[in-house]
Amino acid sequence: MVALGPPARTLRALLRELRHLNSVRGQPYQDMAAYRYLMEAFRAHRVTSEKLCRAQHELHFQAATYLCLLRSIRNHVALHQEFHGKGERSVEEAAGVVGLKLPHQPGGKGWES
Amino acid sequence: MWRSCFRLGASGGSFPCRPCLVSAAPVGSGDQAGPLSLLRRSYAPPAERKKFYQNVSITQGEGGYEINLDHRKLKTPNARLFTVPSKALAVAVATEWDSQQDTIKFYTMHLTTLCNTSLDNPSQRNKDQLIHASMKFLDTDTICYRVEEPETLVELQKNEWDPVIEWAEKRYDVKLGSSTNIMGPDIPAKTKEVFISHLASYNMWALQGIEFVVTQLKSLILSLGLIDRHLTVEKAVLLSRLEEEYQIQKWGNVEWAHDYELHELRARTAAGTLFVHLCSESSAVKHKLLQE
């Protein structure tokens, strides 16, 4: 009852996710252990004459779940960076929001010494 | 109320948030630090750390597969050696550690969190307590708990949730049913027994994963649908958030809240489901002889 689509599409999307993960490091994604494991698993389960091979469906479901995991983590981190990652403003910035400037006291604030 | 435990608040993300859930579980069993709040604080590492390693590799030890960060072996928060029984799980955890840049964002490493919780068991729950924790959600299961108005939402709930209930009733040979009663649906005791014995067939690690997924989706039946590969993660999350999606369609989507929560829920559910499958599978490769 699960509408997963063709396994090739899932595999391609997974490779795209792995490429995203590796894009910052500059190394080819073929070196990753995850890449090797996935390719091995997909190849191993391809050779079967059964149309309704249960193992193939299990693997495809696992791959689709892993794809969902990688994709959602990437989106979640991106959203966090964009909307929630800025942290608090400093005192100067907070004053600047309403057009004020902090006073310049050459002797330092009275209670600091 | 449960969701607020998981929000990335001012604390910058709490690494294993799950000790939050154990407020109902007995504490007196272990010799651990007294009040539960101390337990929570002492188990949670800092929210973000600088990345202190370059390479991640996997080795096979006696207890299972281990993760090495540079030359150091990865350990759990309770300083136990980090071993996993399944190679696929080890590869996935290694990929999580490998994909961190500059800072280690623990709140994105769901599989590592689940493994740590299974290895350490900080709330010290046994199998029965885990099963009981999951079964608690059945009494107010999301897809059995219906509204009476507005009409379109009632229709939507009927069309989307009824097929899943039918599937569960057929698959497990139980009686469920939905209700608009404020007390929730009336689940017969025999149904609960069937589910309890079904859950008892999973090992401890898989049960941690199942309990995690049930807590995320607030529905035992949806979690069983996921574990039995009847629903995809996206579909299960959609069904769990059905009313929210309905309101979003009506009133509009707020990216920094709705999408944020959606992706976080999807990530956690996917991690939990993957964890359960990888911990409860046993793979055997049968080579077919090529017919000449």
Side-chain angles (χ1 to χ4, degrees), chain A residues 1-5 10 14 17-27 29 31-38 40-41 44-50 53-55 57-85 87-88, chain B residues 8 10 12-13 54 56-58 87-88 90-92 94-96 98-102 105 107-111 163 167 225-226 229-235 237 255-257 259-275 277-278 281 283-288 290-291:
Chain A
M1 224 222 93
V2 196
L4 280 177
T10 317
L14 268 168
E17 290 296 326
L18 289 182
R19 232 182 317 164
H20 275 295
L21 285 180
N22 243 11
S23 60
V24 194
R25 288 157 15 115
Q27 287 167 1
Y29 66 93
D31 288 342
M32 296 177 78
Y35 174 81
R36 284 197 296 268
Y37 184 86
L38 277 170
E40 221 181 276
H45 283 78
R46 198 184 50 197
V47 187
T48 171
S49 53
E50 294 281 330
C53 176
R54 218 187 107 212
H57 178 69
E58 276 179 23
L59 170 73
H60 192 197
F61 187 86
Q62 269 180 31
T65 309
Y66 190 50
L67 171 66
C68 179
L69 175 66
L70 290 178
R71 220 186 245 161
S72 347
I73 289 182
R74 186 164 55 87
N75 287 332
H76 176 62
V77 169
L79 281 173
H80 184 70
Q81 291 295 94
E82 198 183 329
F83 292 112
H84 303 278
E88 253 186 34
Chain B
L8 286 172
Q54 303 295 329
V56 183
S57 54
I58 309 172
K87 174 148 193 244
V91 169
T95 315
E96 272 187 353
D98 214 9
S99 60
Q100 306 297 321
Q101 309 144 15
D102 299 334
K105 299 185 169 68
Y107 53 85
T108 57
M109 301 162 71
H110 303 293
L111 287 172
W167 166 83
L226 266 178
R229 300 181 186 90
H230 175 72
L231 303 163
T232 59
V233 175
E234 287 92 345
K235 180 81 181 167
V237 166
E255 208 184 349
W256 51 261
D259 278 350
Y260 188 72
E261 273 193 12
L262 172 70
H263 289 298
E264 188 173 6
L265 186 60
R266 271 194 190 163
R268 288 175 186 265
T269 313
T273 317
L274 194 62
F275 188 77
H277 285 147
L278 291 177
E281 75 178 0
S283 53
V285 182
K286 289 202 263 251
H287 292 280
K288 275 184 75 156
L290 284 174
Q291 309 269 321

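Here the structure is a predicted model, which is why all the values come from computation and not from measurement. Chain A is the first sequence line, chain B the second, and so forth, proteins listed ahead of strands; every chain is numbered from 1.
- Aromatic ring pairs are classed by plane angle as parallel below 30°, tilted from 30° to 60° and perpendicular above 60°; the pair B:His277 and A:Phe61 is perpendicular.
- If you measure heavy-atom distances from A:Leu70 to chain B, you find no contacts under 4.5 Å at all.
- Of all non-hydrogen atoms in B:Lys105 and A:Gln81, the two that sit nearest each other are CE-OE1, 4.3 Å.
- Note: B:Tyr260 and A:His84 have tilted aromatic rings, judged against thresholds of 30 and 60 degrees for the angle between ring planes.
- Atom CG of A:Asp31 has more than 12 neighbouring heavy atoms from other residues, nucleotides or ligands inside a 6.0 Å radius.
- With a 4.5 Å cut-off on side-chain heavy atoms, B:His110 and A:Ile73 count as touching.
- The heavy-atom pair separating A:Thr65 from B:Thr273 by the smallest distance is CG2-CB, 4.1 Å.
- With a threshold of 4.5 angstrom between heavy atoms, A:Ala34 approaches chain B through its backbone and through its side chain.
- Taken to the nearest 0.5 Å, the OG1 atom of B:Thr95 stands 12.5 Å off from the CD atom of A:Glu17.
- To the nearest 0.5 angstrom, B:Thr108 atom OG1 is 13.5 Å from A:Arg74 atom CZ.
- Between A:His76 atom NE2 and B:Arg268 atom CZ the span is 7.0 Å, to the nearest 0.5 Å.
- Atoms CG and OG, on B:Leu265 and A:Ser72 in that order, are 9.0 Å from each other to the nearest 0.5 Å.
- Atom CD of residue B:Glu255 and atom CZ of residue A:Phe83 lie 4.0 Å apart, to the nearest 0.5 angstrom.
- The contact between B:Ala92 and chain A is made by backbone and side chain atoms together, counting heavy-atom distances below 4.5 Å.
- Contacts of B:Leu111 with chain A are made by side-chain atoms alone, with heavy-atom separations under 4.5 Å and no backbone atom involved.
- Atom NZ of B:Lys235 and atom SG of A:Cys68 lie 14.0 Å apart (nearest 0.5 Å).
- Side-chain contact between B:Leu278 and A:Gln62 is present, with heavy atoms from C-beta onward closer than 4.5 Å.
- Both the backbone and the side chain of B:Ala271 come within less than 4.5 Å of a heavy atom of chain A.
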